[in-house]
Enquirer: 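Before anything else, here's the structure in question.
What you are looking at is a predicted structure, and each value in this text was computed from that prediction instead of being measured. Proteins come first, then strands; the chains are lettered A, B, ... in the order of their sequence lines, and each starts at number 1.
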Amino acid sequence: MTQTYISDIAAQAGETVELRGWLYNFRSSGKLKFLLLRDGTGIIQCVLSKKEAPDAVWEASETLAQETALILRGKVNQDDRAPGGFEIWLSDLQIVGASVDYPITLKEHGDAFLLDNRHLWIRSKKQHAVLRVRHQVIKAIRDFLDDRGFINFDAPILTPNASEGTTTLFKIDYFGENAYLSQSGQLYQEPGCAAFGKTYCFGPTFRAEKSKTRKHLTEFWMVEPEVAFMELPELMELAEDFICFIVNRALDRCQPDLEVLERDLEPLKRVQKPFPRMHYNDASKLLRDKGLPFTHGDDFGAPDEEAITAGSDRPVIVHRFPAAIKAFYMKPDPVDPTLSLSMDVLAPEGYGEIIGGSQREDDLKVLEEKIHEHKLPREAFEWYLDVRRYGTFPHSGFGMGLERTVSWICGIHHIREAIPFPRMIHRLKP
RNA sequence: UCCUCGGUAGCUCAACGGCAGAGCGGGUGGCUGUUAACCACUAGGUUGGGGGUUCGAAUCCCUCCCGGGGAGCCA
């Protein structure tokens, strides 16, 4: 008999089906048992009656425990008393794999315990929903870029040099040489877009920052598009379209999961073009007017980001940050060279920065000076300078953090739930 | 790295200087419509490690270890 998935059960009403999965929970009422079966596509209630089931089946059901792997057969019956409106009247039950003392119960648990049991926690309803949304967001990211003619051009994860600074890198031994885990694929996208016009990389990146906040992981996924001949205003439009597409896709395909997460959909529905643009100088003034202890010239802290997005029901784009606090490769603003042609997209509802990007410096001389100023090893960047030596051109790109985006869309409190196996300062297992 | 909170049964917590307990989970029994089912009984402990104060320490002090929350930085 072929396997039926729980997600398809409504179409099988009245039929006898075979389900394969794991026991989510069970309740017994003497001669009547209720089994909740989970198969990855959903959860369904199965009913077992001592009077109607074969004796061997009833006996087998006496040994059931949470997460026992099962093959069940029975008739699909519509019944309002069943969660979901359908239940299975069992005629056969086969134990595939026993489960003894499953640690995660349906009651409350602490964060540390759940993280230690992350490999099992992902079977729980909420975690399951978040990771399904993550899957759809990943697909939306690729669909958006692919449909616009971008080429997937992945950057290396083992790199010989730092792209932004040297304090936040994981250092590893590479056959006796120093190598680092990539903290951004951005430098490699620039030769990429010179070859293909529009490229993106999408993969894990690593930051050895000793951060302990709900917005930080030491290993996270980032998508980084880069476009030849694009300047800052169009880059902001690209970011805006990108986010709208992703949020709409989630609303379109993830409603049941967002319901499990009790996500209020109204704020997501309001995520539409155009996003407000705010010059750094205006953002700085706004913060000081609001009485926040903000120093003009600094980057924004978490309370600053919240204050900036507080008045908006959609993401806010802040542009032209001071050059001094941004990476060496960002192009200065011709209007005020102390500022850079950079932009951040801040998500509403307190989720903060989800995108950071800029127009890149395309002048060889200026870039050489910047590398010198930042005390970066010149020889490590010769290949990067070649992009300016051989047909230089204006170009722009940004990076979007996948887990921050998923957290925002799901409305979850901590970014660690937005990735299957989170890596944080005090957590390398499981 | 800094600030802050915590570590007691498998899990979530209580006891806060005087006999270490409850709920869930486990086990046994009961119940033909349960919804994190319910009811009864039952097993389960070197109170994170070390040191100190005290007649007496889970409780107070010192120290180490481990973790949660937050900050800076960033996506």
Side-chain angles (χ1 to χ4, degrees), chain A residues 24-36 43-53 58 62-63 65-67 77 79-85 87 89 99-117 120-121 124-125 163-165 167-168 183-186 202 204-224 239 298-305 321 325-327 344-347 351-357 398-408 413-416 418-419 424-427 429:
Chain A
Y24 187 74
N25 193 18
F26 69 108
R27 296 179 273 269
S28 163
S29 205
K31 306 289 182 287
L32 197 61
K33 284 181 183 173
F34 299 93
L35 283 60
L36 292 180
I43 295 174
I44 193 161
Q45 173 164 291
C46 305
V47 187
L48 188 62
S49 155
K50 183 163 191 186
K51 207 169 91 185
E52 294 174 34
W58 184 262
E62 305 279 33
T63 67
Q66 207 185 342
E67 292 300 322
N77 186 41
D79 193 316
D80 290 340
R81 290 173 295 184
E87 61 187 16
W89 275 86
S99 169
V100 180
D101 297 334
Y102 185 71
I104 300 179
T105 68
L106 273 60
K107 296 279 181 178
E108 279 176 38
H109 296 286
D111 294 326
F113 177 77
L114 289 170
L115 286 166
D116 284 341
N117 288 286
L120 303 174
W121 190 21
S124 303
K125 271 186 194 167
S163 72
E164 309 194 15
T167 55
T168 62
Q183 62 173 357
S184 164
Q186 122 72 14
F202 191 10
T205 47
F206 307 86
R207 307 265 168 106
E209 290 156 1
K210 294 186 173 176
S211 345
K212 267 188 65 177
T213 83
R214 74 175 86 117
K215 291 176 185 169
H216 289 85
L217 296 170
T218 54
E219 176 180 321
F220 66 97
W221 281 60
M222 186 155 63
V223 56
E224 296 174 275
D298 283 359
D299 211 342
F300 304 130
D304 305 322
E305 289 183 351
F321 285 80
I325 57 167
K326 287 293 181 182
D344 280 3
V345 180
L346 307 179
Y351 283 89
E353 183 181 350
I354 54 171
I355 280 182
F398 62 76
M400 186 181 80
L402 175 65
E403 290 78 13
R404 285 188 182 177
T405 305
V406 171
S407 295
W408 166 47
H413 179 254
H414 202 298
I415 190 173
R416 65 187 167 207
I419 187 168
M424 293 170 291
I425 176 164
H426 289 127
R427 195 162 288 280
K429 294 178 199 166

Enquirer: Mind checking what makes side chain to side chain contact (heavy atoms under 4.5 Å, CB included) contact with S407(A), not counting sequence neighbours?
Expert: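 Once residues adjacent in sequence are excluded, the partners of S407(A) under the side chain to side chain contact (heavy atoms under 4.5 Å, CB included) criterion are Y351(A), I412(A), I415(A), A418(A).
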
Enquirer: Would you please confirm or rule out a distance under 4.0 Å between OP1 or OP2 of G69(B) and any side-chain N or O of R416(A)?
Expert: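 For G69(B), OP1/OP2 do have a side-chain N/O of R416(A) under 4.0 Å.
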
Enquirer: OP1 or OP2 of G70(B) less than 4.0 angstrom from a side-chain nitrogen or oxygen of H413(A), does that happen here?
Expert: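 For G70(B), OP1/OP2 do have a side-chain N/O of H413(A) under 4.0 Å.
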
Enquirer: Using a heavy-atom cut-off of under 4.0 Å over every strand shown, decide if D344(A) touches base, sugar-phosphate, or nothing.
Expert: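 Since no nucleic acid heavy atom lies under 4.0 Å of D344(A), the category is nothing.
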
Enquirer: Counting only distance, no hydrogens or angles, is the base of C66(B) paired donor-acceptor with the side chain of H426(A) under 3.5 Å?
Expert: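 A donor-acceptor contact between them is absent.
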
Enquirer: Answer with base, sugar-phosphate or nothing: what part of the nucleic acid does I415(A) contact at a heavy-atom distance below 4.0 Å?
Expert: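 Counting heavy atoms under 4.0 Å across all strands, the contact made by I415(A) includes a base.
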
Enquirer: Using a heavy-atom cut-off of under 4.0 Å over every strand shown, decide if L402(A) touches base, sugar-phosphate, or nothing.
Expert: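 No contact.
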
Enquirer: Specify the closest pair of heavy atoms between E353(A) and G356(A), including all atoms of both residues, with the distance to one decimal.
Expert: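 So the minimum-distance heavy-atom pair works out to OE2-CA, 3.9 Å.
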
Enquirer: Identify whether any heavy atom of P83(A) sits under 4.0 Å from a base atom; if not, whether one sits that close to sugar-phosphate; answer base, sugar-phosphate or nothing.
Expert: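 Touches a base.
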
Enquirer: Whether R27(A) contacts G33(B) is assessed here as follows: a side-chain N or O lying under 4.0 Å from the phosphate OP1 or OP2. Is that the case?
Expert: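 No, R27(A) has no side-chain N/O under 4.0 Å of OP1/OP2 on G33(B).
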
Enquirer: So what does K33(A) touch, heavy atoms closer than 4.0 Å: a base, only the sugar-phosphate, or nothing?
Expert: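 Nothing, no nucleic acid heavy atom in range.
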
Enquirer: Identify which nucleotide among G33(B), C74(B), A71(B) has an atom closest to any side-chain atom of V47(A), counting heavy atoms from C-beta outward.
Expert: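 Ranking G33(B), C74(B), A71(B) by closest atom to the V47(A) side chain puts G33(B) first.
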
Enquirer: Measuring only the C1' atom in each nucleotide, how far is A40(B) from C60(B)? A whole number of Å is fine.
Expert: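 The answer is 42 Å between these two C1' atoms.
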
Enquirer: How would you label the contact of M222(A) with the nucleic acid (heavy atoms, under 4.0 Å): base, sugar-phosphate, or nothing?
Expert: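 Here M222(A) touches the backbone only, sparing every base.
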
Enquirer: Students often get this wrong, so: under 4.0 angstrom with heavy atoms, is F113(A) touching a base, only sugar-phosphate, or nothing?
Expert: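 F113(A): backbone/sugar contact only, no base atoms under 4.0 Å.
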
Enquirer: Taking the C1' atom of each, how far is A75(B) from C5(B), in whole Å?
Expert: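 It comes out at 28 Å once rounded to the nearest Å.
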
Enquirer: Of all heavy-atom pairs between E87(A) and A82(A), which one has the smallest distance, and what is that distance?
Expert: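 That closest heavy-atom pairing would be OE1-CB, 3.5 Å.
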
Enquirer: C1' atom, C38(B) versus G56(B): distance in rounded Å?
Expert: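 Between the two C1' atoms, the distance is 44 Å.
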
Enquirer: Taking G69(B) as the reference, what is the distance to C55(B) when you measure between their C1' atoms (whole Å, please)?
Expert: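 Nearest-Å result for C55(B) against G69(B) at atom C1': 41 Å.
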
Enquirer: Whether the Q66(A) and T105(A) side chains hold a donor-acceptor pair (N or O, under 3.5 Å, no angle test) is what I'd like checked.
Expert: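 There is no such pair between these side chains.
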
Enquirer: Please tell me which of D304(A) and Y102(A) maps to the more 5' nucleotide of RNA chain B, matching each residue to the nucleotide holding its nearest heavy atom.
Expert: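 Taking each residue's closest nucleotide, the earlier one in sequence belongs to Y102(A).
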
Enquirer: Kindly indicate whether a cation-pi arrangement holds for K31(A) with W58(A), taking the cut-offs as under 6.0 Å to the six-membered ring centre and within 45° of the axis.
Expert: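 No, K31(A) and W58(A) do not form such a contact.
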
Enquirer: Can you tell me whether the side chain of K210(A) and the base of G72(B) have a donor-acceptor pair closer than 3.5 Å?
Expert: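 Counting by modelled atom types and ignoring angles, no donor-acceptor contact under 3.5 Å is found here.
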
Enquirer: Does the side chain of W89(A) come within less than 4.5 Å of E52(A)'s, by heavy atoms?
Expert: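 Yes, their side chains come closer than 4.5 Å.
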
Enquirer: Ignoring the backbone of P303(A), work out which of C74(B), G33(B), G72(B) is nearest its side chain.
Expert: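 Ranking C74(B), G33(B), G72(B) by closest atom to the P303(A) side chain puts G72(B) first.
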
Enquirer: With a non-hydrogen cut-off below 4.0 angstrom, is E403(A) in contact with a base, only sugar-phosphate, or nothing?
Expert: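 No contact.
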
Enquirer: Which heavy atom in M424(A) sits nearest to a heavy atom in T218(A), and how many Å separate them?
Expert: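 Where M424(A) meets T218(A) most closely, the heavy atoms are N-OG1, 3.7 Å.
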
Enquirer: Pick the C1' atom in G6(B) and in G48(B), then give their distance to the nearest Å.
Expert: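 Their C1' atoms lie roughly 12 Å apart.
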
Enquirer: Is there a donor and acceptor pair, one atom on the side chain of E87(A) and one on the base of G33(B), closer than 3.5 Å?
Expert: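 Yes, the side chain and the base share a sub-3.5 Å donor-acceptor pair.
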
Enquirer: Ignoring hydrogens and angles, are the base of C74(B) and the side chain of R404(A) linked by a donor-acceptor pair under 3.5 Å?
Expert: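 Pair found.
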
Enquirer: Which part of the nucleic acid does E305(A) contact within heavy-atom distance under 4.0 Å: base, sugar-phosphate only, or nothing?
Expert: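 Base contact.
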
Enquirer: Please report the distance separating the P of U4(B) from the corresponding atom of U63(B), rounded so that it comes out in whole Å.
Expert: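 Those two atoms are separated by 14 Å.
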
Enquirer: Could you work out, with salt bridge (Lys or Arg N to Asp or Glu O under 4.0 Å) as the rule, every residue matching D116(A), not counting sequence neighbours?
Expert: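 Residues passing salt bridge (Lys or Arg N to Asp or Glu O under 4.0 Å) with D116(A): R427(A).
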
Enquirer: Would you indicate what K50(A) reaches in the nucleic acid, counting non-hydrogen atoms under 4.0 angstrom: base, sugar-phosphate, or nothing?
Expert: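 Nothing, no heavy atom under 4.0 Å.
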
Enquirer: Classify T205(A) by what it touches in the nucleic acid, base, sugar-phosphate, or nothing, heavy-atom distance under 4.0 Å.
Expert: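 No contact at all - T205(A) keeps every heavy atom at 4.0 Å or more from the nucleic acid.
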
Enquirer: What's W89(A) touching, base or sugar-phosphate or nothing? Going by heavy atoms closer than 4.0 Å.
Expert: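 Contact class for W89(A): base.
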
Enquirer: Looking only at atom P, what distance separates G50(B) and C65(B), rounded to whole Å?
Expert: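 Going atom to atom, P in each nucleotide, I get 15 Å.
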
Enquirer: Under 4.0 angstrom, heavy atoms only, what part of the nucleic acid is A302(A) near: base, sugar-phosphate, or nothing?
Expert: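 Sugar-phosphate contact only - A302(A) comes under 4.0 Å of backbone atoms but never of a base.
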
Enquirer: Would you indicate what G301(A) reaches in the nucleic acid, counting non-hydrogen atoms under 4.0 angstrom: base, sugar-phosphate, or nothing?
Expert: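 G301(A): backbone/sugar contact only, no base atoms under 4.0 Å.
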
Enquirer: Using a cut-off of strictly less than 4.0 Å, decide whether R427(A) has a side-chain nitrogen or oxygen near OP1 or OP2 of C66(B).
Expert: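 Result: no.
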
Enquirer: With no angle test and no hydrogens, is the base of C73(B) tied to the side chain of T168(A) by a donor-acceptor pair under 3.5 Å?
Expert: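 Answer no: no donor N or O sits under 3.5 Å from an acceptor.
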
Enquirer: For nucleotides A58(B) and G51(B), find the distance between their P atoms and express it as a whole number of Å.
Expert: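 Those two atoms are separated by 14 Å.
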
Enquirer: Hey, is the side chain of H109(A) pairing donor to acceptor with the base of C11(B) inside 3.5 Å?
Expert: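 Between C11(B) and H109(A), which were checked side chain against base, a qualifying N/O pair under 3.5 Å is absent.
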
Enquirer: What nucleotide among G68(B), U34(B), C74(B) has an atom nearest to a side-chain atom of E209(A)?
Expert: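 Closest of the options to the side chain of E209(A): C74(B).
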
Enquirer: For C31(B) and K31(A) - does any side-chain N or O of the residue sit under 4.0 Å from the phosphate oxygens OP1/OP2?
Expert: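 So the side-chain polar atoms of K31(A) do come within 4.0 Å of the phosphate oxygens OP1 or OP2 of C31(B), strictly under.
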
Enquirer: Roughly, in whole Å, what's the span from CZ in F34(A) to C1' in U34(B)?
Expert: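 Answer to the nearest Å: 4 Å.
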
